[in-house]
Every structure is written in structure tokens, then in C-alpha cells.
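Computed from a predicted model, the values in this text were never measured in an experiment. Residue numbers start from 1 in every chain, and the chains themselves are labelled A, B, ... in the order their sequence lines are given, proteins ahead of strands.
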Number of protein chains: 2
Amino acid sequence: MNPRPTIKDVARRAKVATGTVSRVTNGDATVHPVIRDAVEAAIKELGYRPSPIARNLRRGRSGIIGFVLADISNPTYGPMVPEVQELTREAGYTLIVMDSAMDPERERRNLETLAALRVDGVVLNPLLPVDTEIPDVLQGIPVVSLPGVPDWEGAKVRAVSTHATLAGLDDCLENGHRRLAFLTIKGLGGTQRDLLSMMRDRIRAAGATFVSDASWTFVSREQCAEQLPAMLAAPGRPTAVLSASALLPGLLIAAREAGMKVPRDLSVVSIATSELADAYDPPINVVSFDARGLSSEAVCKLLTAMRGEEPGEAVENNSRYIRRGSVGPVPGEC
Amino acid sequence: MNPRPTIKDVARRAKVATGTVSRVTNGDATVHPVIRDAVEAAIKELGYRPSPIARNLRRGRSGIIGFVLADISNPTYGPMVPEVQELTREAGYTLIVMDSAMDPERERRNLETLAALRVDGVVLNPLLPVDTEIPDVLQGIPVVSLPGVPDWEGAKVRAVSTHATLAGLDDCLENGHRRLAFLTIKGLGGTQRDLLSMMRDRIRAAGATFVSDASWTFVSREQCAEQLPAMLAAPGRPTAVLSASALLPGLLIAAREAGMKVPRDLSVVSIATSELADAYDPPINVVSFDARGLSSEAVCKLLTAMRGEEPGEAVENNSRYIRRGSVGPVPGEC
DNA sequence: CTGTTAGCGCCTTCAC
DNA sequence: GTGAAGGCGCTAACAG
């Protein structure tokens with residue numbers, strides 16, 4: 001296995017200096033067409049490709065953008081990967097995807113690796129508190145948070161679901177539900193705080209009860225599927241649940257194990273779409289984000305920040321509530 | 001934003017030569033403890049971290065392993081990412097995940113990028129014919145194919161589902177089904193050829209009919225959901241379908257749109273687990289791969305190949321058939 | 001044990 | 001328009 005050809009080999013073969021080869025590979029116009037052809041021929045014959053490593057060492061940048069996901073199989077963010085990859089590629093960067101597997105320590109390690117690699121920018125779907133921890137680790141590398149944390153100076157994309165989520169809530173209230181729960185992933189602070197208080201207000205105004213509290217947050221769908229059946233059967237149980245899409249499998253499994261049918265015994269709304277929500281019978285009502293829009297906004301903001309410019313403000317209304325078959329009237333005995 | 005400290009800065013601060021700093025960062029034992037402490041102090045004070053770029057340029061290797069997935073949201077392979085990442089990290093490598101979005105051209109581009117980056121190895125969940133195209137692009141970089149293509153010399157991991165898939169098939173036959181279909185992703189040749197002929201034999205032996213043909217392969221779940229309802233309603237329709245997990249959403253949506261209930265009107269078996277299969281009501285019978293086992297086998301094989309050794313033969317039985325609620329007797333009118 | 005030195009492959013002045 | 005030379009940050013070989 002002979003080593004890959006270097007710029008020197010090409011230069012030798014084309015009988016020019018390495019600098020000229022460099023100019024050709026970088027599309028410098030000030031090269032005589034004849035020489036350019038000769039160099040290109042040599043490149044082709046040798047199968048030469050410039051080493052990004054050496055190139056980046058020289059240029060002081062890596063040409064890499066990192067995309068760190070809290071959980072790559074999260075149905076909201078996972079599917080953004082192809083889009084983000086394509087957008088960054090068009091901008092001339094290579095995307096490194098990393099998964100933190102819902103483990104903050106792992107997220108820190110991922111970010112440290114990226115910082116060590118001197119990546120040029122990071123798209124972050126955070127687990128750690130963005131405003132305090134992240135800047136230390138990333139040492140000035142531009143980062144965009146997806147979704148963004150409200151009280152933070154940095155670039156962020158607000159995945160605003162307030163309006164649509166409240167629409168889902170209203171749908172349940174209008175169907176007569178008076179005991180509602182909100183099922184979310186533990187530790188995803190910041191983003192949801194505003195939303196939560198708005199929901200609380202709305203529910204109180206309707207004279208209904210918000211039965212979810214800290215015990216309705218879970219770290220994983222497995223934990224969810226395990227603990228939820230009891231909670232769904234307990235007295236004072238909610239008759240309608242709004243669930244983060246990542247926990248929807250747990251919720252539906254729990255409902256099934258508790259012998260409940262959707263929406264006959266339990267009304268369900270999923271915050272964010274997923275294959276499960278689409279394919280379930282009945283199809284689950286969803287608060288649908290504009291995932292493509294979000295990812296392109298994120299990449300766009302990041303590129304802006306990388307240019308040293310000021311990324312603009314967040315777009316607001318990028319979600320809507322889709323009525324399907326999973327919200328119905330309150331079950332008889334409730 | 002002052003530039004990050006280099007090895008020189010550290011050397012100057014600790015009043016030693018750069019070589020000594022290098023020895024410290026590489027854990028070379030032949031360094032006087034006192035000096036080592038001084039160097040480490042300087043490193044800490046400056047917040048120095050060696051640049052992998054320069055390091056790799058010097059060492060002629062990148063310390064990176066690439067993981068190229070045909071489709072990151074495929075429920076069989078997508079969830080392997082965290083596992084593969086962890087295993088490669090333990091071996092001292094950084095994992096770059098890339099998604100080909102079911103596009104062979106994109107896969108080629110991804111591999112070219114990795115080759116240009118001089119990655120040390122590649123785990124590939126292939127779209128392109130591994131035996132012909134890949135070696136060109138990868139120019140001698142060790143690669144392990146997941147799953148493996150039967151007639152190919154290279155390292156591969158066989159995701160052997162033959163036994164379990166046949167068990168699923170038998171389950172349908174024993175339930176009296178006489179018209180069966182096999183729903184797969186278009187273009188995933190090689191791997192499934194053997195399996196297909198075995199299924200054909202089994203079905204013929206049972207006096208049943210294999211209704212699926214080329215028209216039962218799709219490129220995406222969307223296409224599947226669109227075209228399948230008509231096929232499920234047509235005369236001579238299958239009463240039982242074995243489906244690749246990636247297409248399961250399409251199948252279930254189609255069934256719902258055709259007004260069919262599982263398993264009353266249609267029996268379903270999913271090849272490979274997924275959240276959907278687990279959470280659906282009724283839960284879908286699955287041919288379950290040992291995903292963790294597969295990914296660790298893949299990484300292990302790759303590391304072996306990277307050491308220049310001969311990776312051993314593939315493990316055989318890493319799948320089993322799990323009976324749940326989605327296979328039932330043949331519907332009355334059929 | 002530690003300092004010095006010579007590149008790894010490439011880009012970029014700076015002369016010509 | 002092109003060649004020569006220096007250096008990006010680091011490691012490895014060789015002196016001392």
C-alpha cells in the first residue's frame with residue numbers, strides 16, 4: 001500500500017513548483033492555462049487529493065463543523081442531521097456528528113474533542129446548561145444552540161412551540177379534560193420554563209388541574225415505560241397527556257399495559273412529530289415543528305457568527321398544531 | 001480572541017524544550033518528575049491542549065474513524081451510533097458520523113471526504129456495491145461493512161437474520177396465511193438474496209404464494225405509504241407482510257388508510273426492532289437483531305483490520321423472533 | 001533524562 | 001505568471 005501522493009509528487013510529475021500546484025488546487029486564476037492543464041493531468045494520473053490536515057494546519061482552521069446532539073434518536077432533532085450536513089457541505093465544511101446519549105458528561109467530552117480538533121463552529125442541541133458550562137469548554141468557538149436558551153447572549157435558534165402547544169392544550173380543554181399532564185425529559189430546563197408557566201395559567205383559567213410535577217419528567221423512554229403504567233392507573237390520573245416526542249413510545253406502551261385505548265381512555269398530544277405519532281392507530285395529534293426551517297436557520301446563524309457578524313433574532317412562529325385522532329372526550333367514569 | 005497557546009508557549013513558560021512538553025503530553029515515562037510537574041502546571045495555566053491537526057499531520061494518521069450510515073434514521077442502524085462511538089473512543093479514536101440519506105452519490109462523497117481526511121478506518125453501512133465501488137474511493141483505508149456482503153473479501157459483519165426471519169415466516173404460515181409479501185428497501189442487494197430464496201422455498205413447500213416482487217420494494221417510507229394502500233386492497237392481496245423496519249411506518253399507515261386492523265385484517269412482522277414496533281398497539285412481532293453485539297463486532301473487526309491482522313469470520317446467530325400481537329389467523333373473507 | 005533539529009503536506013509571501 | 005523558501009504545531013531521531 002504505497003503512501004498517497006503529495007503535492008511534491010504532483011509538482012515533480014508536472015515539472016512545476018509546489019506553489020503552482022497549490023494555486024491550481026485552490027482555483028487561483030493567475031495560472032497559465034497550459035500549465036494548469038498539465039498540473040490537472042498530473043493530479044488526475046496520480047489520483048492526488050490535497051490533505052485537509054496539512055491544509056488546515058497551514059490555514060489555522062479545520063474546515064469542520066460539529067453537530068452535537070443530546071440524543072441522536074430523538075425524533076425531533078435526529079432527522080435534522082441530513083439537512084444540517086447538506087447545508088454545511090454547501091458552505092464548504094465537513095460535518096462531524098456526535099451523540100451525547102443523554103449524558104451530560106459525554107456532551108462535555110464531545111465538545112472537548114471538537115475544541116481540540118479546532119473545529120470552526122458547533123451546532124449544539126444541548127444537555128448541559130449552555131450559558132454557564134459551554135463557553136469554558138468551547139473556548140471561543142462559535143456555537144449556535146438548538147433550541148436556544150432564553151436568557152443567554154449567544155447565538156441560538158428558538159424552537160418556539162408556545163402557540164401550537166397551547167393550541168394542543170386548548171384542544172384537550174375544549175374536549176372537557178380537567179386533569180392534564182405534561183410529560184418531558186428531565187433536565188431540559190430553560191427552554192420550557194416560559195411555556196410551562198403559560199400552560200399553568202391557561203389550565204387554571206379553565207378551572208382544570210395540572211397533575212404533572214417533577215415526577216412526570218423522565219430521563220429515558222425505558223424509565224418512562226416502566227414507571228408510567230402505575231401513574232396512569234392511580235386515582236386522580238390525568239385524562240389527557242401532552243408528551244415530548246422522545247417519551248411518546250414510553251407513554252403509549254404504558255397506556256397499552258394499563259389496558260387503555262387512545263383516545264377512548266386517554267387523550268394524547270405529542271410535542272414534535274415522529275414516525276410513531278404518524279403511524280400509530282389512531283394517528284397522534286402533534287405539535288409540529290418546522291424541522292427543516294429550524295436546521296437551516298441554525299446553520300445560517302452559525303455561519304453568520306463564524307464570520308464574526310451578529311446573528312439576527314430568532315424567528316417566532318415555526319410550529320403548528322395538527323389535529324388527528326388522539327384527542328377525544330373525557331372517559332365516562334372520570 | 002487571542003490565539004490558542006501552542007507547544008512553544010508552554011515550553012517557554014516552563015523553561016524547557018518543546019520536545020519535553022511533547023513527551024509529557026504523550027505520557028512518556030522518561031521525564032523527570034519535577035520537570036513534569038512544571039510542564040503540567042504550565043499546561044494548566046495556559047489552558048493548553050495539543051492540536052490533533054498538527055499531531056496527526058506529523059504522525060501520518062488522523063486518529064479518526066468514520067461511521068457512514070445509509071440512513072441515520074433507520075431504526076436498525078441509527079441506534080448503533082452511541083455504541084460505536086463509545087467503543088471507538090475507548091480505543092482512542094474520534095468518531096465522525098455521516099449520513100448518506102439513502103443517496104449513493106452522497107455516500108460516495110462522504111467516503112471521499114473521509115479518505116481525504118485520511119481517517120484510519122471506516123465502519124460502513126453501505127448503499128453502493130461494497131465489492132466494486134468502495135475500494136476505489138477508500139484507497140486502502142480499512143473498512144468493515146455492516147452488514148456484510150456475502151461474496152466479498154473484505155471485513156464485514158454479517159447481520160444474519162435468516163433463522164429468525166424464517167421463524168417469523170413460519171409463524172405466519174402456521175397461522176394459515178397463504179399469500180405473503182416481503183417489503184424491503186430498494187437496492188439493498190447482496191445481503192438479502194440468500195434469505196429471499198430460502199423464503200421462497202419455504203413458502204412453496206407450504207403450498208403458499210409469495211406475492212411480493214420488485215414492486216414491493218421502495219426507496220422510502222413516504223413512497224411506501226403512498227403506493228401501498230392500493231396494493232393492500234387489490235385482489236390477491238397478501239394477508240401477511242414481513243417488512244423491513246425502515247418501511248414499517250409506511251406499511252402501518254397504509255393499512256390504517258385501507259381501513260385494516262392489525263392483526264385482524266393483516267398480519268405483520270417487522271424485520272428489526274423499532275420504537276414503532278414496540279409501541280404500536282398491538283405490539284408488532286419482530287425479528288430482533290442483537291444491535292449492540294453487531295456494533296461491537298463491527299468495531300472490533302475494524303480495529304483488527306487496522307492493525308493489519310486478519311479479521312475473523314462472522315458470527316452466525318445474532319437474531320431471534322419475538323412473538324407479540326401482530327400475527328393472527330387469516331381474515332374470514334380470504 | 002533533555003535539548004536540538006528536521007520535517008509531516010500544504011499555503012503564501014517575496015522575489016524574479 | 002512562476003519558483004523558492006519559510007513556517008503552521010507537533011513528534012521522533014539523535015545528540016549531548
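Atom CD1 of A/I7 is separated from atom P of D/dG6 by 17 Å (rounded to the nearest Å). We find that CG of B/D9 is positioned 13 Å from C1' of D/dC8, with the value rounded to whole Å. We find that CZ of B/R61 is positioned 12 Å from C1' of D/dT11, with the value rounded to whole Å. Note: CD1 (A/I53) to P (C/dG9) measures 10 Å, nearest angstrom. Whole-Å rounding puts the B/R49 CZ to D/dC10 P distance at 12 Å. Atom NZ of A/K15 is separated from atom C1' of D/dG1 by 20 Å (rounded to the nearest Å). Between the C1' atom of D/dA4 and the NZ atom of A/K8 lies a distance of 13 Å, rounded to the nearest Å. Between the CZ atom of A/R12 and the P atom of D/dT2 there is a distance of 20 Å, given to the nearest Å.
Summarising the local packing, CZ of B/R59 is surrounded by more than 12 heavy atoms from other residues, nucleotides or ligands at distances under 6.0 Å.
Residues from residues 28-46 of chain B with heavy atoms under 4.0 angstrom of DNA chain D: there are none.
Residue B/G19 is classed as a base contact, given a heavy-atom separation below 4.0 Å to a base. Among the protein residues, B/V16 comes within range of the sugar-phosphate backbone only, with heavy atoms under 4.0 Å from sugar or phosphate atoms but none that close to a base.
Out of C/dT12, D/dC10, C/dT4, the shortest distance to the side chain of A/S22 is found at C/dT12. With D/dG3, C/dG3, D/dG9 as the choices, the nucleotide that has an atom nearest any side-chain atom of A/R23 turns out to be D/dG3. Checking D/dA4, D/dG9, D/dT11 against every side-chain atom of B/T6, the shortest atom distance belongs to D/dG9. Among the nucleotides C/dT2, D/dT11, C/dT13, the one closest to the side chain of B/T20 is C/dT2. With distances taken from any side-chain atom of A/L57 to the nucleotides D/dT11, D/dG9, C/dG3, the minimum falls on D/dG9.
Partner A/V144 forms a side chain to side chain contact (heavy atoms under 4.5 Å, CB included) with one of A/V122, A/V123, A/V299, A/L303 and no other, that one being A/V123.
With respect to A/K44 and A/E40, no salt bridge is recorded, no charged nitrogen being found less than 4.0 Å from a carboxylate O. The residues B/E112 and B/R109 are annotated as not salt-bridged, no charged nitrogen and carboxylate oxygen being separated by less than 4.0 angstrom.
Taken from NZ in B/K301 to CD in B/E309, the straight-line distance is 13.5 Å, to the nearest 0.5 Å.
One finds no side-chain N or O of B/S51 lying less than 4.0 angstrom from the OP1 or OP2 phosphate oxygen of D/dG9. The phosphate of D/dT11 has OP1 or OP2 within less than 4.0 Å of a side-chain N or O from B/N26.
By the 4.5 Å heavy-atom criterion applied to side chains, B/Y77 and B/L294 are not counted as neighbours.
Considering every non-hydrogen atom in both A/N74 and A/A246, the closest pair reads ND2-CB, 3.7 Å.
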